[in-house]
Number of protein chains: 2
Amino acid sequence: MPTSGSGVNKPGAAAGHGRAAGVGKNKTRLTIADIAREVGVSPSAVSFALNGRPGVSEATRTRILQAAERMNWHPHSAARALGGAPAGAVGLVLARPTRTLGAEPFYAQLIYGMQSVLSARSVALLLQVVDDTEAELVVYRRWAGEQRVDGLLIVDPQTKDPRISVVEALGVPAVVLGGHGKHGELPTVWADDREAMLETVRYLAALGHTRIAHVAGTPAFQHTQRRIRALKDAAGQLGLAETQSVPTDFSDGEGAAVTRRLLSQPDAPTAIVYDSDLMAVAGLGVATEMGVRVPGALSIVSFDDSVLTRVVHPAITALSRDTHALGVQVAEALMRIVEEPGTVGDIKAATPRLTVRESTAKPGR
Amino acid sequence: MPTSGSGVNKPGAAAGHGRAAGVGKNKTRLTIADIAREVGVSPSAVSFALNGRPGVSEATRTRILQAAERMNWHPHSAARALGGAPAGAVGLVLARPTRTLGAEPFYAQLIYGMQSVLSARSVALLLQVVDDTEAELVVYRRWAGEQRVDGLLIVDPQTKDPRISVVEALGVPAVVLGGHGKHGELPTVWADDREAMLETVRYLAALGHTRIAHVAGTPAFQHTQRRIRALKDAAGQLGLAETQSVPTDFSDGEGAAVTRRLLSQPDAPTAIVYDSDLMAVAGLGVATEMGVRVPGALSIVSFDDSVLTRVVHPAITALSRDTHALGVQVAEALMRIVEEPGTVGDIKAATPRLTVRESTAKPGR
DNA sequence: CCCAGCTGCTTTAGCGCTTTAGTTGTTCGT
DNA sequence: ACGAACAACTAAAGCGCTAAAGCAGCTGGG
């Protein structure tokens, strides 16, 4: 039912209708007609002047601009959009189970980075948080139908991602954040997770670790798969026999539970790589609780960096990247594809670099 | 020729018209006119049917609704808005220094809670992150001028908050999150910070603490002031001589620095209350680093709760509240004030309750 | 048997802006 | 000196939708 809950709309309530000619002018919006009257020209002249198009003399243009400024006029976004202009907004949908959401500073930083590009162009960000991919698709369809957004950012690409084809079919320009390849025609901004994982494992191996575990994220995510594969490949190259990847749902609870299980094994790993900072911190907590000294008996690496990893003790070695800068890159790509579709290819963001802190050391007792 | 008056005006000339309408890709939006044509009625009949207003028979209404459904039609939000309908969006501006932003799960949870109300009504959330209050005002002015939002949520009210009067002047319905009183005519959703602080101090005093410190947030925030005052009052009532509040910028860095300073004093506090979970964790880190045992030699309480406090060791005693539920309350108030201005008064949210974990105990030696 | 009073539509107007097609008044080329 | 080219405007149409007004056809009270 496309119609049912149409926003805040409450047509019935408006029945009272005080538009009578009698009483003082009801609060009307300031329009270009007002400016036109003020300056003594036609509305179209005002439009020309405001949009920097030819058709008015410099003198008139200046007078119009000054009047608009003085009267504190702003274009009515709906009126512009109706004429075919872009909506002036891009959309971001976050599909995350409640618990984990918000624990990760990643999206907040990303959004902040995006804003520095968007707000410079006066483009708004429409944000929606939903429960699952199904709900996400509904939002995309609605936004597209309502012409609310000019572009979309799709995050956390999955291995078989239904969103790609839906968004492509809707014809809304979009950028995928997070993985290389397999996004239909949509360009992607991606970081080299594989290389990052390889670097991490090489480092741990160089320290002398052979039993390395990987507390992974949701297997449905492409980047999870890539990291798992990278670990396996690295293990092969370096001759590490006992590596393992354990999938989780990214929650601190599972991170803790898996860590407890790993550390209880007869041949417990001497190093654990966590796919998120929150899980790494939770893992550190478990180690402390079990009396496993970090980094003495266990080295810990987080695949994501943030205040979290710095604030705990010992501070956690992490793969850090400039999330703010990533947001800038993403937003720029998005603006580009909105303005000139087809001109944007895949963009490689900086590879996360290992920031060594206090949680990693030679394995020993 | 059902509707378009295209026959009236120089039919020949219309052929050469602007858009590449001539050949092939006729990428026109689906409009109610299309539905009207399909069903064999006028556009207004379609409008009536879709909006559930009288003026069409039930039979026709059904046919129209089915056609709309089948053709997957969605109302063009700009067209509706232009007619005077609400924009179908509410705005939230976060003014925060980069560093601290994102470290706090609070806003993510709040937004998630708001969405459960907003998305049920198909109202979008416009989010903007800015550097300071000045920039925030600019955004409000623009959004109001562009008629982009129907309502605003103002967070972190300050002691002398310039935003209140600006927003009131703009005439945009708004709700203030966070403090009681002094918001002009704007209603507020507030939690009883004072009571929460009193409860905390009473608890600590009951444990036997007399030297209690408070690592506060930014003094400009109303809630910071309220907490500082509450601590002072509690100290008076309970006869605690050496309490103190130290303002910070909410960052983990200052939280750590202040903690270090406090613990280095000759008569170091035996309990510290932190205004944010991030600072509490940072403080815990400093204590660990300085060899001050928690809770043995120092009790720690966080004024905000989240995964953060649970994930560290020892887990931190915190004032917890249901942020998601708060988001729901806020969004409901906002929707209400948008639809029926004047009917919303101040709303008191649940008082944060002390969740005792492992970081608090009797003061030790 | 006429018309007030419905019901169920259609027509028309208009929201604020952009855009295209005029319409002046000037200046220039020859 | 006279039309052409141009500059600087104005007029008007139209984007998709809602809402007020209009208008057929029917009903039923007098």
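These values consider heavy atoms only, across backbone and side chains, with no hydrogens, waters or symmetry-generated copies. Note on naming: letters A, B, ... go to the chains in the order of the sequence lines (proteins, then strands), and numbering restarts at 1 for each one.
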>> Could you tell me how far apart A:Asp34 (CG) and C:dG16 (P) are, to the nearest whole angstrom?
In response: 9 Å
> Any idea which of D:dT10, C:dG16, D:dG16 is nearest the A:Ala45 side chain?
Replying inline: D:dT10
> Rounding to a whole Å, what distance do you find between B:Leu30:CG and D:dC15:P?
Replying inline: 15 Å
> Side chain of B:Arg29: nearest nucleotide among C:dT10, C:dT18, D:dG16?
Replying inline: D:dG16
> Out of D:dT18, C:dC17, D:dC15, which nucleotide sits closest to the side chain of B:Ile32?
Replying inline: D:dT18
> Taking 4.0 angstrom as the limit, do A:Arg70 and A:Glu38 come out as a salt bridge?
Replying inline: yes
>> What is the separation between atom CG on A:Leu50 and atom C1' on C:dT19, rounded to the nearest whole Å?
In response: 15 Å
> Shortest non-hydrogen contact from B:Ala333 to B:Val344?
Replying inline: O-CG2, 4.0 Å
>> At less than 4.0 Å, is any side-chain N or O atom of A:Ser42 found next to OP1 or OP2 of D:dT10? Yes or no.
In response: yes
> Mapping B:Ser57 and B:Gly84 to their closest nucleotides on DNA chain C, which lands nearer the 5' end?
Replying inline: B:Ser57
> Expressed in angstrom and rounded to an integer, what is the separation of B:Leu82 atom CG from C:dG14 atom P?
Replying inline: 14 Å
>> Nearest to the A:Asn51 side chain among D:dT10, C:dC9, C:dT18, which nucleotide is it?
In response: C:dT18
> Think B:Arg80 has a side-chain N or O under 4.0 angstrom from the OP1 or OP2 of D:dG16?
Replying inline: no
>> Classify A:Pro54 by what it touches in the nucleic acid, base, sugar-phosphate, or nothing, heavy-atom distance under 4.0 Å.
In response: nothing
> So which heavy atom on B:Tyr112 is nearest to which on A:Val129, and how close?
Replying inline: CD1-CG1, 2.8 Å
> Do you know which two heavy atoms are closest between A:Leu153 and A:Tyr140, and how far apart they sit?
Replying inline: O-OH, 4.0 Å
> With the threshold set at 4.0 Å, does a side-chain nitrogen-carboxylate oxygen contact exist between A:Glu339 and A:Arg121?
Replying inline: yes
>> Counting only side-chain nitrogens and oxygens, does B:Arg53 get under 4.0 Å of the OP1 or OP2 atom of D:dT18?
In response: no
>> By the 4.0 Å heavy-atom rule, please label A:Gly55 as base, sugar-phosphate, or nothing.
In response: base
>> Once hydrogens and angles are ignored, does a donor-acceptor distance under 3.5 Å link the base of C:dT11 to the side chain of B:Ser44?
In response: yes
>> Distance check needed: C:dT18 P versus A:Ile64 CD1, whole Å only.
In response: 12 Å
> Are OP1 or OP2 of D:dC17 and a side-chain N or O of B:Ser47 less than 4.0 angstrom apart?
Replying inline: no
> Do any side-chain nitrogens or oxygens of A:Thr60 fall under 4.0 Å of OP1 or OP2 in D:dC9?
Replying inline: yes
> Out of D:dC17, C:dC17, D:dT10, which nucleotide sits closest to the side chain of A:Phe48?
Replying inline: D:dT10
